[in-house]
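Atoms within each ligand, like the ligands themselves, are counted from 1 in listed order.
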Amino acid sequence: MELYALTAHELSEKLIRREVSAREVTQSVLGRIASTEERVHAYVTVTESIALAQADAVDTARASGESVSPLAGIPIALKDNLCTTGIETTCSSKILRGFVPPYSATVVEKLEASGSVFIGKANLDEFAMGSSTENSAFGASHNPWDIDSAPGGSSGGSTAAVAAGEAVWAIGSDTGGSIRQPAAFCGVVGLKPTYGRVSRYGLIAFASSLDQIGPITKDVRDAALLMNLISGHDSRDSTSIVRDVPDYTASLTGGVKGLKLGVPKEYFAQGVSPEVSASVRTAIDVLVAQGAIAEEISLPHSEYALPTYYILAPAEASSNLARYDGVRFGHRTARATNHVDLFEKSREEGFGPEVKQRIMIGTYALSAGYYDAFYLKAQKVRTLIKRDFDLAFEKYDAIIAPTAPTVAFKLGEVSDPLAMKLNDVLTIPANMAGIPAISLPCGFSNGLPIGLQLMAPNFGEETLFQIAYAYEQATQWHLGRAQL
Ligand code: GLN
């Protein structure tokens with residue numbers, strides 16, 4: 001296999017044994033970008049010269065016997081809502097075109113310190129609002145398994161890059177499913193960690209009570225390795241939690257004997273395609289054959305998760321996005337005649353339609369007279385959703401379900417914004433509850449990947465890795481590579 005098609009743990013072994021150099025790995029990925037990026041459009045910015053300089057630094061350090069991280073020299077894609085010092089960070093929005101942050105996200109700093117090679121900034125739906133990357137101001141990304149299909153979103157550039165071999169692994173963010181749903185669509189592994197496990201400092205905020213950064217990888221071992229690199233407390237993010245970070249690879253034991261899995265009946269209901277249902281049921285059988293116990297459960301408030309999310313997330317977004325006013329950074333209108341005009345026209349010109357719609361919904365939901373009816377009520381429902389999970393986890397180690405109701409749809413096929421939002425019905429509940437959830441490949445329908453979702457109690461990432469790895473060991477889905 002070409003270097004770009006290998007996993008990070010495979011490359012790490014080769015790098016440590018000095019069978020390959022970081023420069024060779026990086027050049028292999030850059031070569032792949034040169035031949036496929038025109039069709040995939042995974043990136044907003046490819047940082048070729050930075051990547052080569054970082055790779056050379058790693059090679060020099062290794063050659064001179066300096067102690068370097070075993071994962072040093074692996075090319076990574078960063079979703080373009082992560083601030084990177086000196087590298088343009090756009091959130092795929094015209095309003096941030098040309099914005100070069102004066103600081104880096106904590107996750108970016110951690111990756112830099114471990115010798116990561118930054119290959120580029122990956123495309124996303126504008127401000128991470130969407131499920132297909134079609135809301136990007138710079139054009140949609142394409143699904144490497146079928147170039148006419150959507151890669152999912154909002155981290156669709158990151159997942160497309162990994163699936164295409166245009167990055168070895170990637171970082172995404174997940175507010176309502178934006179790591180897991182595109183991971184499912186692109187046939188890769190994506191984890192939304194427990195809220196507070198990974199620092200959000202330097203992640204451009206969408207909905208702060210839901211946003212979480214996580215890994216996008218070719219297999220479960222890589223996801224555990226990348227979590228080792230990015231997790232941990234950060235005094236610059238007050239919602240990050242003081243708690244030791246385990247070595248997540250220690251959970252990759254391969255055994256699931258006696259583990260209890262809850263299968264929520266609401267996640268197999270109307271709207272979930274028969275192919276997706278069947279693949280996930282087969283995956284459950286695979287785990288049961290290895291000694292896991294699976295039982296049907298109910299999470300009765302699941303149906304309220306989507307409408308609740310679409311009050312809370314826009315409310316937080318309307319507040320977070322108030323800072324884009326054309327004054328200190330980002331797009332500034334050339335047509336302003338006074339300062340109010342400056343704010344209005346800069347925002348009118350800079351934001352796309354989906355972002356504007358969410359700002360309006362959020363502002364409305366927070367306005368005097370409506371606050372109690374919408375925002376406060378949604379917060380109460382959020383508690384009920386969380387309680388469903390708390391009760392389930394009294395009896396079950398993890399919950400198993402599909403990640404998305406269907407496989408990838410064609411670009412341009414879903415024009416109704418409400419239908420687009422229905423993509424996230426199965427991923428939003430985990431964000432509401434703050435719990436960790438992973439998606440991994442479990443089959444194909446018409447040549448397009450299907451995603452299996454596992455959810456665990458807070459800080460149950462180890463349980464997710466244990467089950468996901470056992471499943472992966474028993475199946476072949478993670479070995480597939482998209483032909484481009
Ligand atoms: N698709 C959902 C939305 O549009 C979730 C996005 C996300 O997780 N960032 O809001």
Distance-only donor-acceptor hits, side chain of residues 304-316, under 3.5 Å, sequence neighbours excluded:
unit_1: T308; atom_1: OG1; unit_2: Y304; atom_2: O; d: 2.5
unit_1: E316; atom_1: OE1; unit_2: S208; atom_2: N; d: 2.8
unit_1: E316; atom_1: OE1; unit_2: S209; atom_2: N; d: 2.7
unit_1: E316; atom_1: OE1; unit_2: S209; atom_2: OG; d: 3.4
unit_1: E316; atom_1: OE2; unit_2: S209; atom_2: OG; d: 2.6

Considering only distance and modelled atom types, tabulate donor-acceptor pairs under 3.5 Å from the side chains of residues 444-460, sequence neighbours left out.
unit_1: Q453; atom_1: OE1; unit_2: R180; atom_2: NH1; d: 2.8
unit_1: Q453; atom_1: NE2; unit_2: P402; atom_2: O; d: 3.2
unit_1: Q453; atom_1: NE2; unit_2: L426; atom_2: O; d: 2.9

Open item on the list: Walk me through whether R332 and D325 qualify under salt bridge (charged side-chain N to carboxylate O under 4.0 Å, His left out).
Closed with: CA-CA 8 Å; R332 177 182 297 178; D325 54 11; over 6 Å; no
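A distance of 6.0 Å or more separates the ring centres of F465 and Y469.
The shortest distance between side-chain heavy atoms of L226 and D222 does not fall below 4.5 Å.
For ligand 1, the protein residues within 4.0 angstrom (heavy atoms only) are A128, M129, G130, S131, S154, D174, T175, G176, G177, S178, F206, Y309, Y310, R358, D424.
For residues 402-437, the ring pair (Phe, Tyr, Trp, His ring centres under 6.0 Å) pairs, not counting sequence neighbours, are F185-F409.
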